[in-house]
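In this text, all values refer to a predicted model and were calculated from it rather than measured experimentally. Note that ligands are numbered from 1 as they come in the structure, with each ligand's atoms numbered from 1 the same way.
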Amino acid sequence: MLGRLGFDSAALDAKRLTSFALGLSDLEIATREGEAVDEAGAQRVVELLQRRLTGESVARIVGEREFYGLAFGLNAATLEPRPETEMLVDLAIAALPGGGRLLDLGTGTGAIAIAVLVNRPDATALATDLSAEALAAASGNAARHGVEDKIAFLQGSWFEPVGASPHPNPPLKGEGTPSSLGQSSGLNVEPKPLPLEGRGWGGGKPQPDTDLFDLIISNPPYITSAVVETLAPEVRDFDPRLALDGGPDGLAPYRIIAAEAARYLSPGGRVLVEIGYDQGAAVTALFVAAGFGNVAVHRDLAGLDRVISAHHINGITRTAR
Ligand SMILES: C[S@@+](CC[C@H](N)C(=O)[O-])C[C@H]1O[C@@H](n2cnc3c(N)ncnc32)[C@H](O)[C@@H]1O
């Protein structure tokens with residue numbers, strides 16, 4: 001049925017949904033093929049297959065998706081982390097100095113920051129998202145992967161919850177701060193106070209109001225508002241719009257990140273942002289205009305522009321204003 005309706009992965013999808021509905025492992029499904037299924041079990045299988053037929057992905061139905069070899073819990077407010085974003089994790093792991101502090105903007109499931117921390121136990125992270133519901137999933141994922149003591153989650157728009165930034169670095173260049181997208185309730189999803197001791201070298205979590213970051217990463221929404229409407233139903237109808245829509249030209253979040261990042265970076269720190277395949281030149285221009293150095297476009301395995309890296313060059317910071 002799924003195959004006839006054009007789902008490429010029909011057989012695999014049906015197997016995964018059947019095992020999930022019946023609470024069986026893939027091995028059990030394979031070895032107990034001849035057994036009868038009771039009526040309640042059969043009904044559960046049918047219900048899940050019907051959801052799949054509406055375009056809902058298998059990952060959403062089972063409530064989790066694998067990313068960087070780790071399973072991430074999803075909810076209605078989280079984007080499903082995509083394989084192409086794993087490149088950002090590779091670059092972040094390589095870019096972070098020992099004991100480095102990471103800021104992940106628009107963390108969603110927390111996939112990027114958590115995958116980095118699992119692979120870099122010396123690092124610590126702060127992660128923000130406008131959606132409290134997404135942060136609830138991220139917080140659960142951090143605990144699931146044993147990094148909850150290394151990461152703090154804050155709700156709000158981009159840098160806003162990170163603090164007023166008493167940091168010595170002004171924005172590198174430009175006419176000031178673009179207004180943030182959306183509204184923040186200011187709710188700190190993790191209300192317990194952050195530990196003050198043992199900062200750096202894998203110690204306590206970064207402190208929102210005082211710490212500079214060695215690396216800022218983001219996979220922001222970057223699809224133009226008009227194109228969001230034309231996406232495949234599996235994405236358009238099930239991934240949250242807040243995670244997709246980058247404004248009229250798809251660049252709104254990059255304008256904020258490029259303009260503000262220097263305030264939060266330690267000298268020599270870096271920014272890594274995922275981009276759409278056709279945004280390399282435009283996003284490069286934003287970081288160059290903001291005074292960053294060594295701005296480079298990284299291509300993915302398909303040869304498409306995928307990530308922009310930019311260095312906070314201290315000398316430029318000082319002369320830019
Ligand atoms: C493309 S998704 C990326 C999610 C996750 N980092 C990943 O790579 O799978 C963009 C994320 O940005 C969040 N977001 C959208 N607008 C935001 C804003 N103004 N401030 C902070 N986060 C925002 C969305 O809720 C969503 O989680």
Side-chain angles (χ1 to χ4, degrees), residues 57 59-60 64-68 70-92 102-117 125-142 151 153-162 177-189 208 215-225 227-228 231 235-236 238-247 250-257 259-261 264 271-277 279 283 300 306-307:
S57 70
R60 282 216 179 273
E64 64 176 40
R65 171 139 182 183
E66 192 179 300
F67 176 82
Y68 218 81
L70 303 165
F72 287 90
L74 305 169
N75 65 26
T78 54
L79 181 93
E80 284 184 40
R82 306 291 208 269
E84 56 268 27
T85 302
E86 293 185 352
M87 184 181 175
L88 199 55
V89 178
D90 288 335
L91 291 168
L102 174 71
L103 174 60
D104 179 18
L105 300 168
T107 197
T109 54
I112 304 173
I114 292 168
V116 171
L117 293 181
L126 193 63
T128 73
D129 204 288
L130 195 55
S131 164
E133 195 182 346
L135 289 176
S139 185
N141 286 324
I151 184 165
F153 296 102
L154 296 170
Q155 189 201 0
S157 191
W158 307 124
F159 295 96
E160 184 189 64
V162 185
T177 309
S179 61
S180 298
L181 290 176
Q183 298 297 312
S184 161
S185 72
L187 167 74
N188 181 344
V189 164
L215 181 63
I216 295 175
I217 52 173
S218 186
N219 173 22
Y222 54 68
I223 300 169
T224 62
S225 308
V227 169
V228 170
L231 295 173
V235 177
R236 185 195 60 212
F238 294 97
D239 275 323
R241 188 157 186 136
L242 186 65
L244 300 174
D245 193 338
L251 298 173
Y254 300 113
R255 290 197 179 88
I256 295 167
I257 294 168
E260 284 291 289
Y264 300 89
V271 178
L272 290 167
V273 288
E274 181 168 321
I275 55 165
Y277 72 93
Q279 293 175 319
V283 179
D300 63 18
R306 180 59 61 193
V307 171

> Find the distance between CG (Asn219) and CG (Leu105) and round it off to the nearest 0.5 Å.
11.0 Å
> Looking at Thr109 and Gly73, what are the two nearest heavy atoms and their distance?
CG2-O, 3.5 Å
> Any heavy atom of Thr109 sitting closer than 4.0 Å to ligand 1?
no
> With atoms numbered from 1 as shown, which atoms in ligand 1 lie under 4.0 angstrom from a non-hydrogen atom of Ile112?
6 (N), 8 (O)
> Could an N or O of ligand 1 be found under 3.5 Å from any N or O of Asp129, whether backbone or side chain?
yes
> Nearest 0.5 Å please: distance from the CD atom of Gln155 over to the CD atom of Glu133.
11.0 Å
> Could you list which atoms of ligand 1 come closer than 4.0 Å to a heavy atom of Gly156?
20 (N), 21 (C)
> If you measure from atom 12 (O) of ligand 1 to every heavy atom of Pro161, Ala113, Gly106, which option wins on shortest distance?
Gly106
> Roughly how far, to the nearest 0.5 Å, is the CD1 atom of Ile223 from the CZ atom of Arg241?
10.0 Å
> Does Ala77 reach ligand 1, in the sense of a heavy atom lying below 4.0 Å from it?
no
> Rounded to the nearest 0.5 Å, what separation is found between the CZ atom of Phe67 and the OG1 atom of Thr85?
5.5 Å
> What atoms of ligand 1 come within less than 4.0 Å of a heavy atom belonging to Thr85?
8 (O)
> Quick one: which of Asn219, Asp104, Thr107, Leu79 has a heavy atom closest to atom 5 (C) of ligand 1?
Thr107
> Can you tell me if Thr78 uses its side chain to pair, donor with acceptor, with the backbone of Asn75 under 3.5 Å?
yes
> What pair of heavy atoms forms the shortest contact from Leu79 to Ala243, and how long is it?
CB-CB, 3.9 Å
> What part of Ser157, side chain, backbone, both or neither, has a heavy atom within less than 4.0 angstrom of ligand 1?
both
> Using a 4.0 Å cutoff against the non-hydrogen atoms of Pro221, which atoms of ligand 1 qualify?
10 (C), 12 (O), 15 (C)
> Of the options Thr128, Leu130, Asp129, Leu154, which is the one that meets Leu135 in a side-chain contact (heavy atoms from CB on, under 4.5 Å)?
Asp129
> Please step through side-chain contact (heavy atoms from CB on, under 4.5 Å) for the pair Arg65 and Phe72, ending with a clear verdict.
CA-CA 5 Å; Arg65 171 139 182 183; Phe72 287 90; 5.7 Å; no
> Would you say ligand 1 has an N or O under 3.5 Å from any N or O of Leu130?
yes
> Do Trp158 and ligand 1 have an N or O pair less than 3.5 Å apart?
yes
> Enumerate the atoms of ligand 1 whose separation from the nearest heavy atom of Pro81 is less than 4.0 angstrom.
9 (O)
> Working to the nearest 0.5 Å, report the span between CG of Leu74 and OG of Ser57.
7.5 Å
> Counting from 1, what ligand 1 atoms have a heavy atom of Gly108 closer than 4.0 Å?
4 (C), 27 (O)
> Has Ala111 got any heavy atom lying under 4.0 angstrom from an atom of ligand 1?
no
